Amino acid sequence: MPNEPWTTELAIGTLCPLLLWIASRLRPAFTAIATFICAITIVWTTIFAIGIFGDLHLSIEQRVLGAQATILGISLGSLVLAALFSERRLHESAILEREARLQEALRAGSVIAFDWDVSADEIRFSQNATEILGLHSQQVLSGTEWLKHIHPEDHPRVAFCLEGARPDQPSHSIAFRYRRPDGGEVWLEQIAMVQFGSAGKPTRINGLTTDVTERKRFEGELSLARKSAELADRAKSSFLAAASHDLRQPLQTLKLLQAALEPHHPSGEARNIVAGIGQSLDTMSGILSSLLDVNRLESGNLRPSVGEFSLNEIFEPLAGDFVAPVQERGLRLCIVRSELIIRSDRRMLAEMIRNLLSNAVRYTDRGRILLGCRRAGDNVRIEVWDSGVGITEDQLPHIFHECYQGTGGAERGGFGLGLAIVKRLGEILDHRVEVRSISGKGTRFFIEVPRGRSGVKVPEAAPPVHPHNGAFLGSVLAIEDEASVRSALGRLLKKRGVDAIIVATATEALTLVREQGLRPDALLCDYNLRGSPDGIETIRHLRAALGRNVPATVMTGDTRSQTVDSISAQGISVLIKPFLAEELLEALRGQEKRE
């Protein structure tokens, strides 16, 4: 090593940090230029014997060799540094780009990333926390400050969630309200993972916090709308129930008056007019019943009572109900009776078949209507065939919609509700309903019902009931608060030779029994009595006053199943308004037989 001071060497050595900075901070081209300058400098100092490369004690070959080795070392080192720092800059650029994309994604999704260092009690948030939480840029909060911003009503839930974290359940999800420093309030949904130290205590909490304010606002509006809809639906149901009762009263009056008027006109044009009035009343009753059935289906008030029974228990009553309508249209009704046991709701299934038969009668001009069944694996397929006008292919997807009527439907009557009720009842009972039709040749409807257990005893078919015109021989005490119905009922019973006393209130009836010694053979009472107990209570009081279980019938326009069931549970017959005069007389004759 030279004995003189290293003035020149130190001066050259001071350039190394500058050259290293150039390699790390600037592009590779600048590193190559700096390396070239160093190489030129080494060559120049070697040629002119300056510095360490101009040592005259060394031969020219040794100095050239030293210069070459130095240039090679500097070039190799600079190229390696340039490559390393270039790759570093590429990774740094990629990281920055990904971070920018992440921040944009978080901002677009209204999501905040957070890192809670529990040991240092510091919470750091992503950049978009400024927009959502109202914090300053790069603001760091302590855990205590963060919890202070949580709504007081939600604070206990959040604290319990954080305190309840365990190593076996490190994650949690919770929604809460957050109060911004500017006074605003947002809903946040936090999903986090808790990290635990060796002592089992939380050391760090990482996760995402989503701004769900709009969703919560929408859920609140949806809940309010749902409650409003439920209130409106209950109001509609209550209105229809009240309207049903009020509409059934004048309909009942008209039916009773029509029945009282009929014997006065046994033939001629007047007879036809009276019959036309009866048909119009039946149509009005059908409209009212269909509307109420649809409302009960929509409100979900119909609940099936599933049991096992024979198909004959449905087919036999239907056969009697449709004899007259089929004969009036000159058709033939063929019912293939079956002792197959099925599992369904007896009343709902009967209503489905009744609507299908009514539809078949309405749209069949000649030929016959068939009701039967066949086995289909574990199910029974109930089929209704007709030889009517059929349904075109384009109408088939719409026939089960409310108020839809096919071509010529308005002229044939009906309201477009029967098939809609069949479809709804099928959905409630989980019975598949299908239709096949050829325009001009007829239609086939199918109801698929589960088969019952083979061990169920099949009841014998009841003999058909033939109505008779025998008068009721006993006396009747009737309570009806509607003046028009009371007057029409009195005319009808008097015309049919029935000894009847009709009063408006339960008090009047009890007075006749207790003070005047009236002893009726049958009781007939309206269910809803203004200013008096209902029909059930009234009959109970009258039976107690008479000292015996007098046969009784309740008349009601309330078609709700709970009302009808509560009446039947007391051993009391039920007549749903508007009922026919023959139905009333048949009920009285039935009471006479029980007596």
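The figures here come from the full heavy-atom set of this structure, side chains too, leaving out hydrogens, waters and symmetry mates. If you're wondering where the values come from, they're calculated on a predicted model, not measured in any experiment.
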**Q** Are L419 and L356 close enough, and set up right, to give a side-chain contact (heavy atoms from CB on, under 4.5 Å), and what steps lead you there?
**A** CA-CA 7 Å; L419 294 182; L356 292 180; 3.7 Å; yes
**Q** Could you measure the distance from the CG atom of D534 to the OG1 atom of T556? Nearest 0.5 Å is fine.
**A**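 D534 atom CG to T556 atom OG1 measures 9.5 Å (nearest 0.5 Å).
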**Q** Among residues at least two apart in sequence or on other chains, which ones pass ring pair (Phe, Tyr, Trp, His ring centres under 6.0 Å) with H172?
**A**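 Ring pair (Phe, Tyr, Trp, His ring centres under 6.0 Å) check on H172 returns nothing, list empty.
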**Q** On a heavy-atom basis, which atom in C373 and which in V380 lie closest, and how many Å separate them?
**A**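 Distance-wise, the nearest heavy atoms are CB-CG1, 3.9 Å.
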**Q** May I ask you to say whether R89 pairs ionically with E92, meaning some side-chain N is under 4.0 Å from a carboxylate O?
**A**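 No, R89 and E92 are not salt-bridged.
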**Q** Evaluate L147 against L162 for side-chain contact (heavy atoms from CB on, under 4.5 Å), listing each step before the verdict.
**A** CA-CA 11 Å; L147 293 174; L162 294 175; 4.3 Å; yes
**Q** Measuring from atom CD of E351 to atom CZ of R424, what distance do you get when rounded to the nearest 0.5 angstrom?
**A**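 These two atoms lie 14.0 Å from each other.
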**Q** Rounded to the nearest 0.5 Å, what's the gap from CG on L429 to CG on D345? Could you check?
**A**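 Answer for the CG-CG pair, L429 versus D345, is 6.0 Å.
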**Q** Using the ring centroid of each side chain, check whether F125 and W146 are separated by less than 6.0 Å.
**A**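 When the ring centroids of F125 and W146 are compared, they turn out to be within the sub-6.0 Å range.
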**Q** Any side-chain heavy-atom pair from S344 and F309 closer than 4.5 angstrom?
**A** yes
**Q** Could you measure the distance from the CD1 atom of I74 to the CG atom of L79? Nearest 0.5 Å is fine.
**A** 11.5 Å
**Q** Measuring from atom OG of S110 to atom CD of E131, what distance do you get when rounded to the nearest 0.5 angstrom?
**A** 8.5 Å
**Q** Looking at CD1 of I42 and CD1 of I47, how far apart are the two atoms once the value is rounded to the nearest 0.5 Å?
**A**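 I42 atom CD1 to I47 atom CD1 measures 12.0 Å (nearest 0.5 Å).
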**Q** Inspect the contact between E221 and R217 and indicate whether a charged nitrogen and a carboxylate oxygen are less than 4.0 angstrom apart.
**A**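 E221 and R217: not salt-bridged.
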**Q** Apply ring pair (Phe, Tyr, Trp, His ring centres under 6.0 Å) to F176 and list each qualifying residue two or more places apart in sequence or on a separate chain.
**A**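 Counting only residues at least two positions away or on another chain, F176 forms no ring pair (Phe, Tyr, Trp, His ring centres under 6.0 Å).
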**Q** Considering only NZ, NE, NH1 and NH2 on the basic side and carboxylate oxygens on the acidic side, decide whether K423 and E427 come within less than 4.0 Å.
**A** no
**Q** Does R436 form a side-chain contact (heavy atoms from CB on, under 4.5 Å) with F446? I'd like the steps, not just the answer.
**A** CA-CA 8 Å; R436 301 284 188 274; F446 309 96; 3.6 Å; yes
